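What follows is a set of notes on a single structure, which appears directly below.
It should be emphasised that the depicted structure is a prediction, and the values quoted were computed from it without experimental measurement. Both ligands and their constituent atoms are indexed starting at 1 by order of listing.
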Amino acid sequence: MKTITSIKELKELLAEARAAGKSIGLVPTMGALHEGHASLVRRSVSENDVTVVSIFLNPTQFNDKKDLERYPRTLEADCSLLEKYGAQIAFAPSVAEIYPEPDTRHFSYPPTDSVMEGARRPGHFNGVCQIVSKLFSYVEPDRAYFGEKDFQQIAVIRRLVADLGFKLQVVPCPVIREQDGLAMSSRNTLLTPDERAIAPQIYAALSASRDFARSHSVTETIQYVTARIDAVPGLCVEYFSIVDADTLADVRTWDAAPAIVGCITVYCGSKPIRLIDHIHY
Ligand code: PAF
């Protein structure tokens, strides 16, 4: 596996691969890799001749400086894992390489980027679109792999791809969970043992809500999930929205859209750590 920090070198290497007729898969990450990322990389390796994994802690998508400061940084371990997963290229540029000048582009894809996380983390999806559009133009992948754990992010990226006319397939990959149901996330390493012990209650409530939803309205289901999680000391629901899986607009009835998903963000512990998850109905 090659580890590259320069955009020029990355482009040269990929131009050679493309000229040789090779297909290219891209897995964008911010590092602190875990089994969730492994599943994306393995999928890309099985579907493409060359897999590029970017490791870049993108400052423009952090609206909260403290969140950026405490984000785990594990570059050496990440590169060893990528080698093991079979990736051909790790692209780990510096902030100056990606943003020699401030990126002043503004992306707006409402309602996908204005609801839920978009409403609570101003500028977050704009920063995601800035970095993802740059990566797409450097790598020009045939396929780009994203974890469904960040369900809203995929909806926004689909709009970005359509808007800018990128010729690539967005491949959503299923959430990978710990044995107790907690969705894998780089942020989980920031949880204390006590916080880690209560965090699985989030997915337990979401799973139970599927049965509950069969005989209750959307509003009642929102109340059920919120009350059940808020009853756990140390957990506090920031929002739980039941939305159209494509547009992410709120739905009022179960027949309002072909696919409906419940998206949640919960504060865990006293720091607190924000944990996100979702469930399909
Ligand atoms: O999902 C992530 O880790 C990030 O938002 C992404 C897509 C790598 C962009 O920085």
Side-chain angles (χ1 to χ4, degrees), residues 5 7 10 25-41 43-44 51-65 67-75 77-79 81-82 85 87 89-95 97-99 103 105 107 109 112-113 116-118 120-139 141 143-161 164 166 168-176 183-190 248 263 265 273-278:
T5 56
I7 298 166
L10 176 74
L26 170 68
V27 183
T29 82
M30 296 201 297
L33 303 183
H34 50 69
E35 272 307 306
H37 297 108
S39 73
L40 308 187
V41 179
R43 172 111 181 244
S44 173
T51 289
V52 181
V53 181
S54 60
I55 301 175
F56 181 66
L57 191 50
N58 175 39
T60 71
Q61 71 188 74
F62 284 82
N63 56 314
D64 175 356
K65 289 267 167 311
D67 192 21
L68 174 60
E69 275 161 25
R70 71 183 172 204
Y71 202 90
R73 290 160 170 84
T74 55
L75 184 60
D78 291 344
C79 289
L81 282 175
L82 291 181
Y85 303 153
I89 300 175
F91 176 53
S94 65
V95 172
E97 179 72 2
I98 297 291
Y99 298 114
D103 191 336
R105 292 174 303 157
F107 299 89
Y109 304 116
T112 57
D113 63 349
M116 300 190 292
E117 292 298 290
R120 277 127 188 130
R121 300 180 66 191
H124 168 66
F125 286 119
N126 196 52
V128 170
C129 289
Q130 288 175 340
I131 183 61
V132 169
S133 60
K134 280 176 180 270
L135 292 170
F136 285 170
S137 54
Y138 306 151
V139 176
R143 298 176 194 86
Y145 297 80
F146 295 91
E148 270 205 324
K149 184 187 155 275
D150 296 306
F151 191 82
Q152 184 170 8
Q153 174 169 274
I154 296 184
V156 174
I157 289 170
R158 283 191 200 284
R159 297 298 185 287
L160 172 79
V161 167
L164 301 189
F166 287 112
L168 60 90
Q169 188 193 337
V170 172
V171 184
C173 301
V175 182
I176 304 295
M184 286 196 185
S185 161
S186 307
R187 286 193 170 81
N188 293 353
T189 59
L190 303 174
L248 305 189
C263 297
T265 291
I273 303 298
R274 287 176 93 245
L275 298 175
I276 72 173
D277 206 340
H278 69 276

Provide the number and element of each atom of ligand 1 under 4.0 Å from a heavy atom of [X].
{"X": "Gln61", "value": "4 (C), 5 (O), 9 (C), 10 (O)"}
{"X": "Ile131", "value": "9 (C), 10 (O)"}
{"X": "Thr29", "value": "8 (C)"}
{"X": "Pro28", "value": "8 (C)"}

- Query: Would you call the rings of Phe56 and Tyr99 parallel, tilted or perpendicular, where under 30° means parallel and over 60° means perpendicular?
  - Reply: tilted

- Message: Below 30° counts as parallel, above 60° as perpendicular, anything between as tilted: where do the rings of His278 and Phe151 land?
- Response: tilted

- Message: Could you check, using the six-membered ring where one of them is a Trp, whether Phe125 and Tyr109 have ring centers closer than 6.0 angstrom?
- Response: no

Is it true that a side-chain atom of [X] and a backbone atom of [Y] form a donor plus acceptor pair closer than 3.5 Å?
{"X": "Gln130", "Y": "Thr60", "answer": "no"}
{"X": "Ser44", "Y": "Thr51", "answer": "no"}
{"X": "Asp78", "Y": "Met30", "answer": "no"}

- Task: May I ask you to identify the nearest protein heavy atom to atom 3 (O) of ligand 1, giving residue, atom name and distance to one decimal place in Å?
- Result: Met30 CG, 3.7 Å

- Select one of side chain, backbone, both or neither to describe which atoms of Asp150 lie under 4.0 Å from any atom of ligand 1, heavy atoms only. side chain

- Task: Using distance alone, determine whether Gln153 and ligand 1 share an N or O pair under 3.5 Å.
- Result: yes

